[in-house]
Amino acid sequence: MSFPSTRDAALARLRAFLPRAGRAYAANRNLDEGPGRRTHVSELSPAIRRRLVTEEEVARAAVAAHGPAAAEKFVAEVSWRSYWRGHLETRPALWQRYLDDLLALERELGRQPLLAARFAEAVAGRTGIDCFDCWVRELDATGYLHNHARMSFASIWIFTLRLPWQLGAAHFFRHLLDACPASNTLSWRWVAGLQTPGKTYLARPEIIRKVSLGRFRVEAPLATVAPPPPPEPPAPLVPLAPLPAADPEARSGLFLHTEDLCPETLPLPARPLALAATDAIGGDPAPRKRAHANAALADGVARAAAHFGLAPERLAEAALEEELRAFAARHRLAQLLTPFAPVGPVASRLARIAGALARDGVRLVPVRRAWDARAFPHATRGFFAFRAILPELVA
Ligand SMILES: Cc1cc2nc3c(=O)[nH]c(=O)nc-3n(C[C@H](O)[C@H](O)[C@H](O)COP(=O)(O)OP(=O)(O)OC[C@H]3O[C@@H](n4cnc5c(N)ncnc54)[C@H](O)[C@@H]3O)c2cc1C
């Protein structure tokens with residue numbers, strides 16, 4: 001089973017799925033036939049995550065194929081990602097809190113052998129819960145899980161196995177090809193009862209049997225209650241920071257990264273004279289996720305090179321700040337354009353890069369798509385308020 005890692009393959013997958021993106025999607029999207037057999041969902045998330053295709057393209061294609069009413073459910077699901085990204089962008093403390101908790105929990109694993117043993121059994125898929133153990137193996141083997149499986153996985157992790165949600169979110173983040181700081185962290189928080197305070201998600205054996213079309217028996221007992229966690233202090237709402245304005249006349253370079261690999265549709269304020277990207281993605285992803293992201297990056301860089309007529313330069317990931325300073329100096333750049341990266345590891349790295357370039361008087365200018373700029377300010381409340389703007393967003 002493969003997930004598109006080039007724009008051509010992603011567009012082909014979109015075209016193939018479009019006939020099923022209307023009322024059929026609304027009726028059947030929760031059904032999970034299992035790996036290699038899924039027909040009810042698009043499996044486009046790894047491509048959308050890296051923006052080999054954009055949310056805008058996918059949503060508009062569905063509306064064009066089915067009309068706004070029949071495509072409404074698919075467009076709403078595609079927009080969940082925009083909503084989560086906007087929500088985290090305006091509440092960045094939630095990401096930092098997750099990272100801090102994770103550090104503390106990783107230390108706890110060293111101190112608490114019982115917790116460490118439960119954790120080790122869970123990530124090895126040796127819990128005796130047939131669906132859960134099977135999803136662990138599927139995640140490892142493919143880097144993907146159906147949405148309903150993710151919800152039940154997270155619920156069993158938290159309420160049956162009594163493991164901290166942050167460790168589960170980190171396990172997903174390491175393996176999922178579509179791992180997205182916002183969608184992943186906030187979905188885990190939602191299952192745990194933190195995102196919509198007091199509202200948890202309880203996985204039920206009869207529902208799992210039904211949506212998996214009888215693939216699982218779910219005979220091992222699952223938690224029958226999902227108590228809400230103690231309330232946490234609210235994360236402050238931070239208005240969207242205006243991005244530094246570009247100078248359309250300045251000598252400009254383009255730096256590509258895995259948050260947005262559709263440079264040919266990016267509204268660049270100046271024509272780039274030089275093109276750079278890292279030689280490989282950073283962090284500590286599972287090998288399958290690393291391979292997918294690197295293939296997507298190579299495809300994005302090749303398309304950018306063809307589109308702008310530039311020879312791409314691949315810079316050493318480990319010394320990116322210094323490599324980009326040298327790149328800017330070589331090409332006498334006054335500014336480096338880069339796709340906007342929402343809250344997460346890439347945004348943190350870009351902040352460090354901006355500081356390093358500033359020492360040489362070079363500005364890092366993130367370029368935000370109109371879709372994000374229009375969507376994010378509406379993601380400060382619940383999804384249902386956000387949903388009201390979707391017709392306008394897609395139009
Ligand atoms: C605990 C948990 C963790 C998750 N982590 C991620 C993650 O790291 N990255 C990620 O992209 N999605 C995440 N999701 C959301 C969702 O499960 C996946 O986007 C979806 O399963 C992808 O499969 P698909 O492409 O076949 O979806 P389709 O049903 O075909 O939907 C089309 C597109 O809409 C978007 N989408 C659909 N449902 C959601 C949703 N609930 N939230 C956000 N976007 C959605 C995706 O981009 C998807 O490709 C998570 C959900 C849960 C419950």
Side-chain angles (χ1 to χ4, degrees), residues 1 3-4 10 13-14 16-18 20-22 24-35 37-59 61-62 71 73-88 95 98 135 138-139 142-158 165-196 200-201 203 211 259 285-286 289 292-293 342 344-345 371 375 379 383 386-387 390:
M1 179 162 62
F3 292 88
R13 171 73 55 92
L14 173 61
F17 183 70
L18 270 184
R20 286 168 277 140
Y25 178 82
N28 300 322
R29 74 192 171 88
N30 282 330
L31 301 179
D32 181 2
E33 303 107 309
R37 291 196 293 271
R38 291 192 183 97
T39 54
H40 302 308
V41 292
S42 69
E43 296 190 335
L44 271 169
S45 54
I48 295 175
R49 161 69 182 100
R50 306 282 170 212
R51 281 203 162 146
L52 294 169
V53 283
T54 64
E55 293 92 321
E56 185 168 4
E57 288 174 304
V58 173
K73 192 69 203 168
F74 186 69
V75 169
E77 291 305 307
V78 170
S79 307
W80 263 104
R81 183 173 131 78
S82 309
Y83 170 74
W84 286 137
R85 290 165 80 244
H87 196 86
L88 199 61
W95 175 247
Y98 158 70
W135 291 326
E138 183 184 344
L139 180 60
T142 69
Y144 175 90
L145 289 177
H146 183 281
N147 183 56
H148 216 281
R150 297 184 200 206
M151 287 163 52
S152 301
F153 184 116
S155 178
I156 293 170
W157 180 281
I158 299 166
W165 71 266
Q166 297 91 332
L167 291 177
H171 184 69
F172 265 24
F173 196 78
R174 198 172 122 66
H175 286 271
L176 283 173
L177 305 186
D178 63 28
C180 158
S183 300
N184 188 51
T185 316
L186 300 181
S187 297
W188 275 87
R189 284 174 53 85
W190 176 79
V191 174
L194 289 162
Q195 197 53 30
T196 312
T200 53
Y201 178 74
V211 298
E259 291 292 313
K289 174 179 164 186
H292 180 270
W371 175 276
F383 181 73
F386 180 78
R387 201 175 177 153
L390 292 185

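Order of listing sets the numbers, starting from 1, for every ligand and every atom in it.
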Are F173 and Y98, when compared by the centres of their aromatic rings, separated by less than 6.0 Å? no

Could you check atom 2 (C) of ligand 1 against the protein and tell me its nearest heavy-atom contact, residue, atom and distance included? S187 CB, 3.4 Å

Using a 3.5 Å cut-off on N or O atoms only, is L44 in polar contact with ligand 1? yes

Is there a donor-acceptor pair under 3.5 Å between the side chain of N28 and the backbone N or O of H40? no

In ligand 1, the atoms that come under 4.0 Å of a heavy atom of E43 are 24 (P), 25 (O), 26 (O)

Donor-acceptor check, side chain of R150 to backbone of L145, threshold 3.5 angstrom: yes or no? yes

Taking both backbone and side-chain atoms of W80, is any N or O found less than 3.5 Å from an N or O belonging to ligand 1? no

Ligand 1 to C180 polar contact by distance, N or O atoms, under 3.5 Å: yes

Among R81, R150, H146, closest by heavy atom to atom 13 (C) of ligand 1 is R150

When the ring planes of W190 and Y201 are compared, do they come out parallel, tilted or perpendicular, using 30° and 60° as the limits? parallel

For ligand 1, which part of F153 has a heavy atom less than 4.0 Å away: the side chain, the backbone, both, or neither? neither

Do R38 and E138 sit within salt-bridge range, that is, some charged N less than 4.0 Å from a carboxylate O? yes

Proximal atoms of ligand 1 relative to A179 (non-hydrogen, under 4.0 Å): 8 (O)

Report the nearest protein non-hydrogen atom to atom 48 (C) of ligand 1: residue, atom name, distance rounded to 0.1 Å. S45 CB, 4.0 Å

Audit row: W371, T54, side-chain hydrogen bond (donor to acceptor under 3.5 Å, both in side chains) steps and yes/no: CA-CA 9 Å; W371 175 276; T54 64; over 6 Å; no

Indicate, as side chain, backbone, both or neither, the part of L176 found under 4.0 angstrom from ligand 1 when only non-hydrogen atoms are considered. side chain

Determine the interplanar angle of the F74 and Y25 rings, folded into 0 to 90°, and report it as parallel if under 30°, tilted if 30 to 60°, perpendicular if over 60°. perpendicular

Has R20 got a side-chain atom pairing as donor or acceptor with T39's backbone, closer than 3.5 angstrom? yes

Whether the side chain of H87 engages the backbone of A379 through a donor-acceptor N/O pair (distance < 3.5 Å, no angle test) should be reported. yes

Heavy-atom side-chain proximity of L139 to Y144 below 4.5 angstrom: no

With a 3.5 Å cut-off and no angle check, do the side chains of E33 and H146 form a donor-acceptor pair? no

Donor-acceptor contact present, side-chain S155 to main-chain M151, <3.5 Å: no

Examine ligand 1 and decide if any of its atoms is less than 4.0 Å from a heavy atom belonging to L145. yes

Any idea which protein heavy atom is nearest atom 7 (C) of ligand 1, and the distance to it? D178 OD1, 3.3 Å

For W188, take its heavy atoms, then give the atoms of ligand 1 lying under 4.0 Å from any of them. 1 (C)

For ligand 1, is there an atom lying under 4.0 Å from some heavy atom of V191? no

Charged N-O contact under 4.0 Å between R51 and E259: no

Heteroatom proximity flag, N147 to ligand 1, N/O under 3.5 Å: yes

Contact check, R49 vs ligand 1, heavy-atom distance below 4.0 Å: no

Honestly, for F173 the part within reach of ligand 1 (heavy atoms, under 4.0 Å) is neither

In ligand 1, which numbered atoms sit nearer than 4.0 Å to a non-hydrogen atom of W84? 42 (N), 43 (C)

Counting only heavy atoms, tell me which of A192, S82, S42, S152 gets closest to atom 30 (O) of ligand 1. S42

Option whose closest heavy atom lies nearest to atom 32 (C) of ligand 1, chosen from F74, Y83, W157: F74

Decide, yes or no, whether a salt bridge links D178 with R81 under the criterion of side-chain N to carboxylate O below 4.0 Å. no

Nearest heavy atom to atom 37 (C) of ligand 1 wins, so pick from M151, E77, H148, H175. E77

As an exercise, identify every atom of ligand 1 less than 4.0 angstrom from a heavy atom of V41. 26 (O), 29 (O), 30 (O)

Under 4.0 Å from a heavy atom of Y25: which atoms of ligand 1 are those, numbered in the order shown and with their elements? 28 (P), 29 (O), 31 (O)

